[in-house]
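Inspection log for the structure reproduced underneath, given as C-alpha cells.
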Amino acid sequence: ATWLRSLIVNTKEVIMGMQVTLFRALRNAKVGNDDAQAVVEELEGHIAVKITEANQQLVTELRIQR
C-alpha cells in the first residue's frame, strides 16, 4: 500500500506541474485567466478519469487480496 500512496503522490505532483506549465502557455498565447483556468480544470478532470479507468483492474485486484 505504501508504494501505491507514493505513486499517487508522484502522479499528483506531475499533474500539478503540468497544470502550471499549461496555464502559463495559455496565458503567453494571450488566453484570458478565466479561459486558461477552465482549460486546465477540464484537462485535470479528463486526466483523473483516465487514471481511474487505467487503475480500475489493479484496484479490484488489491481489494480481492485483502
Side-chain angles (χ1 to χ4, degrees):
T2 302
W3 66 268
L4 184 56
R5 278 188 233 116
S6 178
L7 176 63
I8 290 169
V9 168
N10 289 338
T11 301
K12 287 181 180 180
E13 289 174 359
V14 168
I15 291 171
M16 289 177 68
M18 180 186 64
Q19 290 172 327
V20 171
T21 301
L22 176 59
F23 184 82
R24 286 181 181 158
L26 290 168
R27 291 296 295 135
N28 286 339
K30 306 296 185 211
V31 175
N33 279 338
D34 291 342
D35 289 338
Q37 185 64 33
V39 168
V40 170
E41 288 173 3
E42 184 67 28
L43 183 58
E44 178 184 87
H46 177 75
I47 291 169
V49 168
K50 291 302 181 183
I51 290 172
T52 300
E53 289 173 355
N55 289 325
Q56 188 58 47
Q57 184 176 353
L58 177 60
V59 170
T60 301
E61 289 174 14
L62 289 172
R63 287 184 179 148
I64 290 170
Q65 289 178 4
R66 289 183 177 183

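This is a predicted model, so every value here is computed, not measured.
With hydrogens and angles ignored, the 3.5 Å screen pairs a side-chain donor or acceptor of N55 with a backbone N or O of I51.
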* To do: Kindly indicate, with the supporting measurements, whether the criterion side chain to side chain contact (heavy atoms under 4.5 Å, CB included) is fulfilled by V39 and L26.
  => CA-CA 9 Å; V39 168; L26 290 168; 3.7 Å; yes

Contacts table for residues 57-64: side-chain donor-acceptor under 3.5 angstrom, sequence neighbours left out:
{"unit_1": "Q57", "atom_1": "NE2", "unit_2": "E61", "atom_2": "OE2", "d": "3.1"}
{"unit_1": "T60", "atom_1": "OG1", "unit_2": "Q56", "atom_2": "O", "d": "2.9"}
{"unit_1": "T60", "atom_1": "OG1", "unit_2": "Q56", "atom_2": "NE2", "d": "3.4"}

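Judged as a side chain to side chain contact (heavy atoms under 4.5 Å, CB included), and not counting sequence neighbours, the contacts of Q37 are F23, E41. Shown here are the salt bridge (charged side-chain N to carboxylate O under 4.0 Å, His left out) partners of K50, two or more places apart in sequence or in another chain: E53. The side chain to side chain contact (heavy atoms under 4.5 Å, CB included) check on L43 picks up M18, L22, I47, with sequence neighbours excluded.
The list of side-chain hydrogen bond (donor to acceptor under 3.5 Å, both in side chains) pairs with a residue in residues 14-27, not counting sequence neighbours, reads Q19-E44, R27-N33.
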